[in-house]
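Naming: A, B, ... by sequence-line order, numbering from 1 per chain.
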Number of protein chains: 2
Amino acid sequence: MLVTEVNQIVDNQLFQKFVRFITAVHENSKEMTKGIQLESVTPVQYRILEYIYVSEPVTISQISECIDMSMPNMSRELKKLTEKQLCEKITDVHDRRKQYISLSEKGRGMMDQAFREIEVRFMGLMGSLTEEERAEVERALEVLQSKVFR
Amino acid sequence: MLVTEVNQIVDNQLFQKFVRFITAVHENSKEMTKGIQLESVTPVQYRILEYIYVSEPVTISQISECIDMSMPNMSRELKKLTEKQLCEKITDVHDRRKQYISLSEKGRGMMDQAFREIEVRFMGLMGSLTEEERAEVERALEVLQSKVFR
DNA sequence: CCGCTTACTTGTCATTTGATAACTAAAAGG
DNA sequence: CCTTTTAGTTATCAAATGACAAGTAAGCGG
(Lines give C-alpha, C1' and ligand atoms only; values in the text may rest on other atoms or scores of the structure.)
Protein backbone atom coordinates (compact mmCIF):
# COMPACT_ATOMS: atom_id res chain seq x y z
CA MET A 1 0.00 0.00 0.00
CA LEU A 2 1.34 3.37 -1.00
CA VAL A 3 1.77 6.24 1.40
CA THR A 4 -0.65 8.38 -0.62
CA GLU A 5 -3.28 5.67 -0.30
CA VAL A 6 -2.80 5.59 3.45
CA ASN A 7 -3.16 9.35 3.54
CA GLN A 8 -6.28 9.08 1.47
CA ILE A 9 -7.85 6.72 3.99
CA VAL A 10 -6.78 8.81 6.96
CA ASP A 11 -8.13 11.96 5.33
CA ASN A 12 -11.33 10.25 4.38
CA GLN A 13 -11.97 9.23 7.97
CA LEU A 14 -11.18 12.74 9.04
CA PHE A 15 -13.71 14.03 6.54
CA GLN A 16 -16.34 11.61 7.83
CA LYS A 17 -15.71 12.90 11.32
CA PHE A 18 -15.92 16.43 10.02
CA VAL A 19 -19.29 15.82 8.37
CA ARG A 20 -20.71 14.16 11.47
CA PHE A 21 -19.38 17.05 13.53
CA ILE A 22 -20.95 19.73 11.36
CA THR A 23 -24.27 17.87 11.47
CA ALA A 24 -24.07 17.64 15.25
CA VAL A 25 -23.26 21.33 15.63
CA HIS A 26 -26.20 22.28 13.46
CA GLU A 27 -28.65 20.03 15.28
CA ASN A 28 -27.34 21.22 18.59
CA SER A 29 -27.50 24.91 17.93
CA LYS A 30 -30.94 24.51 16.41
CA GLU A 31 -31.94 22.71 19.61
CA MET A 32 -30.40 25.44 21.75
CA THR A 33 -32.09 28.31 19.96
CA LYS A 34 -35.41 26.50 19.67
CA GLY A 35 -38.20 28.48 21.23
CA ILE A 36 -36.10 31.63 21.47
CA GLN A 37 -38.02 33.35 18.68
CA LEU A 38 -39.57 36.31 20.40
CA GLU A 39 -41.96 39.01 19.25
CA SER A 40 -43.09 38.06 15.78
CA VAL A 41 -39.55 37.91 14.42
CA THR A 42 -39.14 35.53 11.49
CA PRO A 43 -36.16 33.13 11.28
CA VAL A 44 -34.36 35.28 8.73
CA GLN A 45 -34.99 38.38 10.78
CA TYR A 46 -33.57 36.64 13.84
CA ARG A 47 -30.43 35.74 11.90
CA ILE A 48 -30.10 39.34 10.78
CA LEU A 49 -30.45 40.61 14.34
CA GLU A 50 -27.89 38.06 15.51
CA TYR A 51 -25.45 39.26 12.89
CA ILE A 52 -25.99 42.92 13.73
CA TYR A 53 -25.62 42.06 17.43
CA VAL A 54 -22.11 40.69 17.02
CA SER A 55 -20.94 43.04 14.28
CA GLU A 56 -22.60 46.41 14.78
CA PRO A 57 -22.44 48.94 13.43
CA VAL A 58 -22.64 47.49 9.90
CA THR A 59 -23.77 48.82 6.58
CA ILE A 60 -26.69 47.27 4.73
CA SER A 61 -24.38 45.97 2.00
CA GLN A 62 -22.32 44.12 4.60
CA ILE A 63 -25.35 42.47 6.14
CA SER A 64 -26.67 41.67 2.71
CA GLU A 65 -23.43 39.93 1.80
CA CYS A 66 -23.04 37.97 5.05
CA ILE A 67 -26.62 36.78 5.27
CA ASP A 68 -26.51 36.12 1.52
CA MET A 69 -29.65 38.05 0.63
CA SER A 70 -30.01 40.58 -2.17
CA MET A 71 -29.88 44.27 -1.32
CA PRO A 72 -33.51 44.92 -2.20
CA ASN A 73 -34.70 42.08 0.00
CA MET A 74 -32.36 43.02 2.83
CA SER A 75 -33.53 46.59 2.59
CA ARG A 76 -37.11 45.36 2.94
CA GLU A 77 -36.35 43.19 5.98
CA LEU A 78 -34.43 45.99 7.70
CA LYS A 79 -37.33 48.30 7.06
CA LYS A 80 -39.61 45.83 8.83
CA LEU A 81 -37.16 45.50 11.71
CA THR A 82 -36.89 49.26 11.96
CA GLU A 83 -40.67 49.56 11.99
CA LYS A 84 -40.70 47.01 14.81
CA GLN A 85 -38.24 49.32 16.57
CA LEU A 86 -35.61 46.60 16.83
CA CYS A 87 -32.88 48.42 14.97
CA GLU A 88 -31.89 51.87 13.80
CA LYS A 89 -30.35 53.41 10.71
CA ILE A 90 -27.74 56.11 11.00
CA THR A 91 -26.39 57.87 7.95
CA ASP A 92 -22.62 58.02 7.65
CA VAL A 93 -21.36 61.58 8.19
CA HIS A 94 -18.68 61.36 5.51
CA ASP A 95 -20.58 59.36 2.90
CA ARG A 96 -24.25 60.08 3.03
CA ARG A 97 -25.09 57.11 0.80
CA LYS A 98 -24.09 54.71 3.58
CA GLN A 99 -26.49 53.67 6.27
CA TYR A 100 -25.10 52.22 9.46
CA ILE A 101 -27.38 49.77 11.20
CA SER A 102 -27.32 49.09 14.89
CA LEU A 103 -29.71 47.57 17.38
CA SER A 104 -32.11 49.78 19.27
CA GLU A 105 -32.47 49.56 23.06
CA LYS A 106 -35.35 47.20 22.53
CA GLY A 107 -33.48 45.12 19.96
CA ARG A 108 -30.39 44.83 22.11
CA GLY A 109 -32.51 43.89 25.10
CA MET A 110 -34.18 41.18 23.09
CA MET A 111 -30.90 39.75 21.82
CA ASP A 112 -29.34 39.96 25.29
CA GLN A 113 -32.19 37.88 26.56
CA ALA A 114 -31.90 35.40 23.70
CA PHE A 115 -28.18 34.96 24.37
CA ARG A 116 -28.77 34.63 28.10
CA GLU A 117 -31.15 31.77 27.43
CA ILE A 118 -28.64 30.11 25.15
CA GLU A 119 -25.99 30.64 27.81
CA VAL A 120 -28.13 28.92 30.41
CA ARG A 121 -28.48 25.88 28.17
CA PHE A 122 -24.76 25.94 27.45
CA MET A 123 -23.94 26.14 31.14
CA GLY A 124 -26.23 23.19 31.70
CA LEU A 125 -24.01 21.18 29.38
CA MET A 126 -20.77 22.47 30.91
CA GLY A 127 -21.97 21.95 34.44
CA SER A 128 -21.61 18.20 34.24
CA LEU A 129 -17.96 18.44 33.20
CA THR A 130 -14.91 18.52 35.42
CA GLU A 131 -12.55 21.49 35.44
CA GLU A 132 -10.05 19.66 33.25
CA GLU A 133 -12.70 18.64 30.79
CA ARG A 134 -13.82 22.22 30.47
CA ALA A 135 -10.25 23.27 29.78
CA GLU A 136 -10.06 20.55 27.15
CA VAL A 137 -13.22 21.86 25.51
CA GLU A 138 -11.85 25.38 25.50
CA ARG A 139 -8.63 24.20 23.91
CA ALA A 140 -10.56 22.23 21.29
CA LEU A 141 -12.64 25.29 20.41
CA GLU A 142 -9.46 27.30 19.92
CA VAL A 143 -7.80 24.63 17.78
CA LEU A 144 -10.75 24.28 15.42
CA GLN A 145 -11.37 27.99 15.27
CA SER A 146 -7.78 28.73 14.29
CA LYS A 147 -7.13 25.81 11.98
CA VAL A 148 -10.43 24.90 10.35
CA PHE A 149 -13.11 27.52 10.66
CA ARG A 150 -11.43 30.70 9.33
CA MET B 1 -13.15 37.90 44.85
CA LEU B 2 -15.07 34.72 45.51
CA VAL B 3 -14.38 31.45 43.77
CA THR B 4 -17.87 31.42 42.27
CA GLU B 5 -17.22 34.84 40.77
CA VAL B 6 -14.02 33.59 39.21
CA ASN B 7 -15.90 30.62 37.81
CA GLN B 8 -18.52 32.97 36.47
CA ILE B 9 -15.93 34.96 34.57
CA VAL B 10 -14.18 31.85 33.26
CA ASP B 11 -17.49 30.37 32.15
CA ASN B 12 -18.53 33.60 30.55
CA GLN B 13 -15.37 33.72 28.48
CA LEU B 14 -15.94 30.12 27.53
CA PHE B 15 -19.45 31.00 26.42
CA GLN B 16 -18.15 33.91 24.34
CA LYS B 17 -15.74 31.52 22.64
CA PHE B 18 -18.58 29.08 22.14
CA VAL B 19 -20.76 31.70 20.46
CA ARG B 20 -17.96 32.86 18.18
CA PHE B 21 -17.26 29.23 17.35
CA ILE B 22 -20.84 28.41 16.44
CA THR B 23 -21.01 31.50 14.26
CA ALA B 24 -17.79 30.52 12.50
CA VAL B 25 -18.99 26.96 11.91
CA HIS B 26 -22.20 28.20 10.39
CA GLU B 27 -20.53 30.72 8.12
CA ASN B 28 -17.97 28.16 7.11
CA SER B 29 -20.33 25.36 6.27
CA LYS B 30 -22.56 27.78 4.40
CA GLU B 31 -19.48 28.85 2.46
CA MET B 32 -18.54 25.23 1.77
CA THR B 33 -21.95 24.20 0.52
CA LYS B 34 -22.46 27.39 -1.49
CA GLY B 35 -23.10 26.65 -5.11
CA ILE B 36 -23.74 22.98 -4.47
CA GLN B 37 -27.48 23.33 -5.09
CA LEU B 38 -28.05 21.19 -8.13
CA GLU B 39 -31.09 20.46 -10.25
CA SER B 40 -33.81 22.77 -9.04
CA VAL B 41 -33.66 21.51 -5.47
CA THR B 42 -34.77 24.06 -2.89
CA PRO B 43 -32.80 24.60 0.36
CA VAL B 44 -35.27 22.60 2.44
CA GLN B 45 -35.31 19.82 -0.10
CA TYR B 46 -31.51 19.71 0.00
CA ARG B 47 -31.60 19.39 3.78
CA ILE B 48 -34.11 16.58 3.49
CA LEU B 49 -31.94 14.74 0.98
CA GLU B 50 -28.91 15.22 3.21
CA TYR B 51 -30.80 13.73 6.12
CA ILE B 52 -32.04 10.77 4.10
CA TYR B 53 -28.51 10.28 2.75
CA VAL B 54 -27.02 9.75 6.19
CA SER B 55 -29.97 7.97 7.79
CA GLU B 56 -31.74 5.94 5.13
CA PRO B 57 -34.00 4.15 5.17
CA VAL B 58 -36.23 6.39 7.28
CA THR B 59 -39.95 6.81 7.66
CA ILE B 60 -41.68 10.05 6.81
CA SER B 61 -42.48 10.71 10.47
CA GLN B 62 -38.81 10.45 11.37
CA ILE B 63 -37.77 12.89 8.68
CA SER B 64 -40.60 15.17 9.65
CA GLU B 65 -39.41 15.21 13.25
CA CYS B 66 -35.71 15.70 12.52
CA ILE B 67 -36.16 18.42 9.92
CA ASP B 68 -38.83 19.95 12.15
CA MET B 69 -41.52 20.23 9.51
CA SER B 70 -45.13 19.11 9.87
CA MET B 71 -46.19 15.80 8.35
CA PRO B 72 -48.44 17.35 5.72
CA ASN B 73 -45.67 19.64 4.54
CA MET B 74 -43.07 16.90 4.63
CA SER B 75 -45.39 14.66 2.68
CA ARG B 76 -45.72 17.38 0.08
CA GLU B 77 -41.95 17.91 -0.22
CA LEU B 78 -41.26 14.19 -0.47
CA LYS B 79 -43.85 13.94 -3.17
CA LYS B 80 -42.01 16.62 -5.12
CA LEU B 81 -38.68 14.85 -4.57
CA THR B 82 -40.20 11.57 -5.67
CA GLU B 83 -41.58 13.24 -8.78
CA LYS B 84 -38.10 14.57 -9.46
CA GLN B 85 -36.94 10.94 -9.16
CA LEU B 86 -34.53 11.75 -6.35
CA CYS B 87 -36.00 9.42 -3.77
CA GLU B 88 -38.28 6.42 -3.48
CA LYS B 89 -40.99 5.22 -1.16
CA ILE B 90 -41.18 1.61 -0.09
CA THR B 91 -44.06 0.33 1.98
CA ASP B 92 -43.11 -1.63 5.09
CA VAL B 93 -43.98 -5.30 4.68
CA HIS B 94 -45.12 -5.74 8.27
CA ASP B 95 -46.92 -2.44 8.75
CA ARG B 96 -48.40 -1.19 5.54
CA ARG B 97 -49.04 2.26 6.99
CA LYS B 98 -45.31 2.95 7.09
CA GLN B 99 -43.43 4.28 4.11
CA TYR B 100 -39.67 3.90 4.05
CA ILE B 101 -37.86 6.57 2.12
CA SER B 102 -34.52 6.08 0.48
CA LEU B 103 -32.58 7.84 -2.22
CA SER B 104 -32.89 6.72 -5.80
CA GLU B 105 -29.83 6.06 -7.95
CA LYS B 106 -30.11 9.58 -9.24
CA GLY B 107 -30.56 11.06 -5.76
CA ARG B 108 -27.64 9.16 -4.31
CA GLY B 109 -25.48 10.15 -7.24
CA MET B 110 -26.38 13.76 -6.68
CA MET B 111 -25.61 13.65 -2.97
CA ASP B 112 -22.37 11.74 -3.57
CA GLN B 113 -21.31 14.53 -5.86
CA ALA B 114 -22.33 17.20 -3.37
CA PHE B 115 -20.30 15.55 -0.61
CA ARG B 116 -17.34 15.06 -2.92
CA GLU B 117 -17.33 18.79 -3.62
CA ILE B 118 -17.50 19.58 0.07
CA GLU B 119 -14.71 17.08 0.66
CA VAL B 120 -12.52 18.80 -1.92
CA ARG B 121 -12.98 22.11 -0.15
CA PHE B 122 -12.29 20.49 3.21
CA MET B 123 -9.13 18.87 1.89
CA GLY B 124 -8.05 22.24 0.61
CA LEU B 125 -8.17 23.51 4.17
CA MET B 126 -6.44 20.44 5.62
CA GLY B 127 -3.76 20.43 2.95
CA SER B 128 -1.99 23.42 4.43
CA LEU B 129 -1.68 21.76 7.84
CA THR B 130 1.13 19.58 9.10
CA GLU B 131 0.53 15.98 10.12
CA GLU B 132 0.55 16.92 13.80
CA GLU B 133 -1.88 19.75 13.27
CA ARG B 134 -4.26 17.41 11.49
CA ALA B 135 -4.07 15.01 14.43
CA GLU B 136 -4.80 17.93 16.73
CA VAL B 137 -7.84 18.85 14.65
CA GLU B 138 -9.07 15.29 14.75
CA ARG B 139 -8.66 15.15 18.51
CA ALA B 140 -10.49 18.47 18.91
CA LEU B 141 -13.40 17.21 16.81
CA GLU B 142 -13.66 14.16 19.04
CA VAL B 143 -13.51 16.16 22.25
CA LEU B 144 -16.26 18.55 21.23
CA GLN B 145 -18.39 15.84 19.73
CA SER B 146 -18.28 13.76 22.91
CA LYS B 147 -18.50 16.54 25.48
CA VAL B 148 -20.52 19.33 23.93
CA PHE B 149 -22.46 18.36 20.84
CA ARG B 150 -24.43 15.26 21.93
C1' DC C 1 -20.16 70.28 -14.89
C1' DC C 2 -21.00 65.50 -16.61
C1' DG C 3 -21.04 60.77 -16.97
C1' DC C 4 -20.18 56.72 -14.06
C1' DT C 5 -20.34 54.12 -9.98
C1' DT C 6 -21.96 53.07 -5.40
C1' DA C 7 -25.45 52.46 -1.75
C1' DC C 8 -29.71 51.91 -1.09
C1' DT C 9 -35.09 52.04 -1.90
C1' DT C 10 -39.51 50.90 -3.93
C1' DG C 11 -42.57 48.01 -6.14
C1' DT C 12 -44.05 43.79 -8.16
C1' DC C 13 -44.30 39.03 -8.93
C1' DA C 14 -43.33 33.98 -8.37
C1' DT C 15 -41.97 30.48 -5.42
C1' DT C 16 -41.24 28.43 -1.02
C1' DT C 17 -42.55 27.44 3.30
C1' DG C 18 -45.79 27.06 7.33
C1' DA C 19 -50.34 26.06 9.34
C1' DT C 20 -54.51 23.77 9.53
C1' DA C 21 -58.67 21.00 8.47
C1' DA C 22 -60.47 17.03 6.61
C1' DC C 23 -59.48 12.78 4.63
C1' DT C 24 -57.94 7.39 3.83
C1' DA C 25 -56.07 3.15 5.16
C1' DA C 26 -53.98 0.10 8.17
C1' DA C 27 -52.89 -1.61 12.76
C1' DA C 28 -53.96 -2.39 17.75
C1' DG C 29 -56.67 -3.43 21.59
C1' DG C 30 -60.39 -4.68 23.69
C1' DC D 1 -66.38 -6.66 15.24
C1' DC D 2 -65.78 -2.02 16.60
C1' DT D 3 -63.42 1.86 18.48
C1' DT D 4 -59.11 4.20 18.80
C1' DT D 5 -54.64 5.17 17.36
C1' DT D 6 -51.03 5.64 14.03
C1' DA D 7 -49.02 6.92 9.47
C1' DG D 8 -49.59 9.33 5.88
C1' DT D 9 -52.23 12.19 2.10
C1' DT D 10 -54.75 15.99 -0.02
C1' DA D 11 -56.29 20.54 -0.32
C1' DT D 12 -56.29 25.24 0.82
C1' DC D 13 -54.60 29.53 2.56
C1' DA D 14 -51.39 32.91 4.44
C1' DA D 15 -46.95 34.45 5.16
C1' DA D 16 -41.97 34.50 4.18
C1' DT D 17 -38.53 34.63 0.96
C1' DG D 18 -36.23 35.25 -3.62
C1' DA D 19 -35.61 37.57 -8.08
C1' DC D 20 -35.70 41.44 -10.71
C1' DA D 21 -36.75 46.02 -12.88
C1' DA D 22 -36.58 50.67 -12.18
C1' DG D 23 -35.89 54.36 -9.30
C1' DT D 24 -33.15 58.10 -6.09
C1' DA D 25 -29.38 60.33 -4.21
C1' DA D 26 -24.73 60.86 -3.12
C1' DG D 27 -19.78 60.37 -4.24
C1' DC D 28 -15.94 60.15 -7.74
C1' DG D 29 -12.97 61.00 -11.66
C1' DG D 30 -11.99 63.65 -15.01
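Put simply, A/Ile118 and A/Met123 are part of the same group of oily side chains (I, L, V, M, F, W, Y) that touch within less than 4.5 Å, one to the next.
In summary, the side chains of A/Thr91 and A/Gln99 do present a donor paired with an acceptor at a separation below 3.5 Å, with no hydrogens or angles considered.
Contact check for A/Glu105 versus A/Leu86: no side-chain heavy atoms found under the 4.5 Å cut-off.
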* Under 4.0 Å protein heavy-atom contact, by nucleotide of nucleotides 12-21 of chain D - B base, S sugar-phosphate only -> ----SBBBBB

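A/Tyr100 places its OH atom 11 Å from the C1' atom of C/dA7, with the value rounded to the nearest Å. Straight-line distance from the CD1 atom of A/Ile90 to the P atom of C/dA7: 18 Å, rounded to whole Å. B/Ile63 places its CD1 atom 14 Å from the P atom of D/dA7, with the value rounded to the nearest Å. Nucleotide D/dA7 holds its C1' atom 14 Å from the CE atom of B/Met74, rounded to whole Å. Atom NZ in A/Lys79 sits about 16 Å away from atom P in D/dT24, given to the nearest Å.
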Contacts under 3.5 Å, N or O only, protein and nucleotides 26-30 of chain C:
from, atom 1, to, atom 2, distance (Å)
C/dA26, OP1, B/Arg96, NH2, 3.3
C/dA27, OP1, B/Arg96, N, 2.9

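Residue A/Val41 comes nearest to A/Lys84 through the heavy atom pair CA-NZ, 4.4 Å, listed as atom of the first residue, atom of the second, then distance. Minimum interatomic distance between A/Ile67 and A/Met74 (heavy atoms only, all atoms of both residues): CB-CE, 3.8 Å. Minimum heavy-atom separation, B/Val93 to B/Arg96: O-CG, 4.2 Å.
Counting heavy atoms of neighbouring residues, nucleotides and ligands inside a 6.0 Å radius, atom CD of B/Glu65 does not exceed 12 of them.
Note that OG1 of B/Thr42 is 9.0 Å distant from CG of B/Leu49, once rounded to the nearest 0.5 Å. How far NZ of A/Lys17 is from CZ of B/Arg139: 9.5 Å, rounded to the nearest 0.5 Å.
Considering only side-chain N and O atoms, A/Lys89 lies under 4.0 angstrom from the phosphate OP1 or OP2 of C/dT9.
A tilted orientation is assigned to the rings of B/Phe122 and A/Phe15, their planes being inclined by 30° to 60°.
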* Asked: According to the Watson-Crick and G-U wobble definition with distances under 3.5 Å, which dot-bracket string, read 5' to 3', encodes DNA chain C, using [ ] for crossing pairs and | for pairs with another strand?
  -> ||||||||||||||||||||||||||||||

